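A short write-up of the structure that comes next.
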Amino acid sequence: MNRELREFRRLERVCLEQAALSTMDLARTGLLKVADDCRVAAEAIEAQSSHRGALAGAVQALKIVLSAARPPSRH
């Protein structure tokens with residue numbers, strides 16, 4: 001997923017650079033729209049990644065709490 005995130009950020013940057021150099025309004029507008037789409041995609045990947053990280057942390061905390069709450073087993 002990091003590779004996808006880096007690629008969307010790279011494409012966003014390239015589109016913004018090319019839009020700044022463009023002399024045609026139509027080309028500039030199109031490049032800015034693609035850059036915006038890449039930004040939205042990258043932000044969605046980041047949000048999904050942070051959500052997964054938070055969920056994994058919550059699961060780990062729950063495991064710790066539940067293991068501490070169990071009475072010791074008697075053999």
Side-chain angles (χ1 to χ4, degrees):
M1 188 172 324
N2 283 336
R3 187 166 58 187
E4 289 175 347
L5 175 61
R6 284 192 307 268
E7 185 63 14
F8 277 118
R9 289 297 185 194
R10 185 189 70 77
L11 289 171
E12 176 189 16
R13 193 171 46 253
V14 168
C15 287
L16 290 172
E17 291 168 357
Q18 291 300 311
L21 298 173
S22 179
T23 58
M24 296 175 28
D25 288 338
L26 184 60
R28 184 176 25 260
T29 301
L31 287 163
L32 290 174
K33 285 181 180 181
V34 172
D36 189 52
D37 289 344
C38 290
R39 180 188 55 78
V40 169
E43 288 174 355
I45 291 170
E46 289 171 336
Q48 187 179 35
S49 177
S50 67
H51 177 70
R52 283 184 184 158
L55 183 59
V59 168
Q60 184 63 28
L62 185 58
K63 285 180 182 178
I64 292 169
V65 168
L66 291 176
S67 66
R70 286 188 199 146
S73 60
R74 297 180 194 173
H75 292 297

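We use all heavy atoms of the structure for the numbers below, so side chains are in, but hydrogens, waters and symmetry mates are not. This is a predicted model, so every value here is computed, not measured.
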Sequence-distant partners of Cys15, side-chain contact (heavy atoms from CB on, under 4.5 Å), two or more places apart: Leu31, Val34, Ala35
Spacing of CG belonging to Leu5 relative to CZ belonging to Arg10, to within rounding of 0.5 Å: 13.0 Å
Which residues share a salt bridge (Lys or Arg N to Asp or Glu O under 4.0 Å) with Arg13, sequence neighbours left out: none
Other cluster members, Leu16 - Ile/Leu/Val/Met/Phe/Trp/Tyr, side-chain contacts below 4.5 Å: Leu32
Other residues, nucleotides, ligands: >12 heavy atoms within 6.0 Å of Leu26 CG: no
Verdict with supporting geometry, Lys33 and Asp36, salt bridge (Lys or Arg N to Asp or Glu O under 4.0 Å): CA-CA 5 Å; Lys33 285 181 180 181; Asp36 189 52; over 6 Å; no
Set of salt bridge (Lys or Arg N to Asp or Glu O under 4.0 Å) partners for Asp37, sequence neighbours left out: none
Glu43/Arg39 ion pair, N-O < 4.0 Å: yes
Cys38 versus Phe8, closest heavy-atom pair with distance: CB-O, 3.5 Å
Non-neighbouring partners of Ala27 that pass side-chain contact (heavy atoms from CB on, under 4.5 Å), sequence neighbours left out: Ser22, Met24
Salt bridge (charged side-chain N to carboxylate O under 4.0 Å, His left out) partners of residues 14-23, not counting sequence neighbours, each pair once: none
